[in-house]
Asks: 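Take this structure first; my questions come after.
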Amino acid sequence: MRQLFKDYEIRQYVVQVIFSVTFAFSCTMFELIIFEILGVLNSSSRYFHWKMNLCVILLILVFMVPFYIGYFIVSNIRLLHKQRLLFSCLLWLTFMYFFWKLGDPFPILSPKHGILSIEQLISRVGVIGVTLMALLSGFGAVNCPYTYMSYFLRNVTDTDILALERRLLQTMDMIISKKKRMAMARRTMFQKGEVHNKPSGFWGMIKSVTTSASGSENLTLIQQEVDALEELSRQLFLETADLYATKERIEYSKTFKGKYFNFLGYFFSIYCVWKIFMATINIVFDRVGKTDPVTRGIEITVNYLGIQFDVKFWSQHISFILVGIIIVTSIRGLLITLTKFFYAISSSKSSNVIVLLLAQIMGMYFVSSVLLIRMSMPLEYRTIITEVLGELQFNFYHRWFDVIFLVSALSSILFLYLAHKQAPEKQMAP
């Protein structure tokens, strides 16, 4: 909390508590997944903690956080300050209406469940969270190789940077020269105004008016030229900074660490293509895997090589490692993204609302992660998770994830392609 909000004062203690509790219970769900694989605690004890954990986090995400978001929004409006509690309740009821209507278009659960059952709440939270996860995953799968691979780096030399800096300095000199002309023109007009303070006769008045009108027109034209040059100087400065950053990335890519990340970029590019291909296959043929990927991969390898291998034993350990990597990277990636988002848009007045929004996004993200990670676990380890989550349409969430992931990945490819094409390979010499 202190690291995330060090530049903004979060005075409301309740905001800090809500964010901390949401993060703690979100991490506890991942801890319980590890416990399922390792067999830590009794099964009845794990079931109890799963049930309690989900009830608490759903209470926070559906009731507490939306209410306090509305409360702090209303508190920032002076006209509504005296009746902020009433308007906060109205905003929360509006949220509940749209939150409930969200479940109508989706086949997310059986109609026999009660209104306030866990299944009703978690099914709707899952739709929002899975959508968020798929959007981030689609963009990350494309942006990661684009960022890491040296193949996409522009060829930048010292000559390009010097040429652009020369253009920038010439533009700054032109701005200074025109501002000097404007200052001298204003001074001349002021002096003439002092000397010819009282024009004599009719022709003197006409001459004074035409001279001042001509001088003001020249000043207006020069000011327009200065504005255009200042805009050009800003663009040149940004391009220069971009060239320096690209040159640093080129130097970094030649180091051992840079070569390692370049290899990761090629690996993730293959993964991205494979993931897009599999998502397309899943959507077209409307299929969802019934066996976790680890067990399925080991079975295919063992059958192909024709060796004796304890699939069940090794699938447990490899699943544990895989799920651990997924958990750590999910938490780290989400926190980095939320931190950048907070620094970009937060202010002293909106910080409480932004923190609560981040808590809402984080909680929904982690709850949805449990829905999707469940498929990566061997069948015997998902029993309690399936019982706690209830009769949800798990296949729907995986298909929905594939659809949003595919849209996000293809949109990211198009966006990065256009951005890469628009970036100049060489800067024109002055």
Side-chain angles (χ1 to χ4, degrees), residues 7 139-140 142-192 213-266 268-269 336-337 339-341 343-347 411-430:
D7 295 330
F139 176 76
V142 175
N143 186 61
C144 184
Y146 180 78
T147 303
Y148 287 163
M149 290 174 63
S150 57
Y151 174 79
F152 295 106
L153 292 176
R154 287 179 289 158
N155 185 21
V156 177
T157 62
D158 293 334
T159 306
D160 299 326
I161 297 176
L162 289 175
L164 197 60
E165 287 180 338
R166 198 178 297 117
R167 287 184 60 192
L168 178 60
L169 290 175
Q170 289 176 352
T171 305
M172 298 300 294
D173 290 338
M174 292 173 64
I175 292 173
I176 293 173
S177 136
K178 290 185 179 296
K179 286 188 174 181
K180 283 183 179 178
R181 285 177 56 190
M182 290 176 60
M184 292 177 65
R186 287 196 181 98
R187 180 181 177 185
T188 303
M189 290 175 61
F190 177 75
Q191 289 177 347
K192 287 182 178 180
S214 176
S216 62
E217 183 178 352
N218 289 333
L219 283 177
T220 303
L221 291 175
I222 295 174
Q223 183 62 50
Q224 291 176 356
E225 293 176 359
V226 169
D227 293 339
L229 288 171
E230 286 180 341
E231 180 62 29
L232 176 62
S233 68
R234 281 191 287 269
Q235 295 297 326
L236 291 174
F237 176 80
L238 293 175
E239 290 177 9
T240 305
D242 182 59
L243 287 184
Y244 270 111
T246 304
K247 188 172 182 297
E248 289 179 0
R249 287 184 58 194
I250 292 174
E251 295 297 328
Y252 177 76
S253 65
K254 297 177 182 178
T255 63
F256 176 78
K257 192 174 181 181
K259 292 179 180 178
Y260 167 72
F261 280 108
N262 186 44
F263 171 77
L264 283 183
Y266 282 102
F268 280 114
S269 63
I336 290 174
T337 304
T339 304
K340 291 179 179 178
F341 180 75
Y343 287 155
I345 68 171
S346 184
S347 65
S411 302
S412 301
I413 291 173
L414 179 62
F415 172 77
L416 291 177
Y417 173 78
L418 295 176
H420 187 74
K421 278 295 184 183
Q422 290 179 357
E425 291 289 336
K426 292 272 188 181
Q427 299 296 332
M428 295 179 60

Asks: Considering non-hydrogen atoms only, spot the tightest contact between L416 and V142 and give its length.
Replies: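 In this case the closest contact between L416 and V142 is CD1-CG1, 3.6 Å.
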
Asks: Just verifying a value: how many Å separate E165 CD and Y244 OH, rounded to the nearest 0.5 Å?
Replies: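 These two atoms lie 3.5 Å from each other.
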
Asks: Checking Q235 against E239: is there a side-chain donor and acceptor pair closer than 3.5 Å?
Replies: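 Result is no, nothing qualifies.
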
Asks: Let me confirm one number: the OG1-CD distance from T246 to E251, rounded to the nearest 0.5 Å.
Replies: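 Taking OG1 in T246 and CD in E251, the distance rounds to 12.0 Å.
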
Asks: Quick one: does E230's side chain get under 4.5 Å of D227's, heavy atoms only?
Replies: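 Yes, side chains in contact.
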
Asks: With rounding to the nearest 0.5 Å, note down the distance linking CD1 in I413 to OH in Y417.
Replies: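 If we round to the nearest 0.5 Å, I413:CD1 and Y417:OH are 12.5 Å apart.
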
Asks: At their closest point, which heavy atom of L236 faces which heavy atom of T171, and how far apart are they?
Replies: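 For L236 versus T171, the nearest heavy atoms are CD1-OG1, 3.5 Å.
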
Asks: Closest approach of V226 and M182, non-hydrogen atoms and distance?
Replies: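 That closest heavy-atom pairing would be CG2-SD, 4.0 Å.
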
Asks: What's the separation between atom CG in L168 and atom CG in D173, rounded to the nearest 0.5 Å?
Replies: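 L168 CG to D173 CG: 9.5 Å, rounded to 0.5 Å.
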
Asks: Between K259 and K254, what is the shortest heavy-atom contact and its length?
Replies: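 Minimum heavy-atom separation between K259 and K254: CE-O, 3.5 Å.
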
Asks: Tell me if the CZ atom of F237 is crowded by more than 12 foreign heavy atoms within 6.0 Å.
Replies: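 Count not over threshold, so no.
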
Asks: Measure the spacing between CG of L164 and CG of L169 and express it to the nearest 0.5 Å.
Replies: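 Output value for this atom pair is 10.0 Å.
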
Asks: Calculate, to the nearest 0.5 Å, the distance between atoms OG1 and CZ belonging to T240 and R167 respectively.
Replies: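 It is 9.0 Å, given to the nearest 0.5 Å.
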
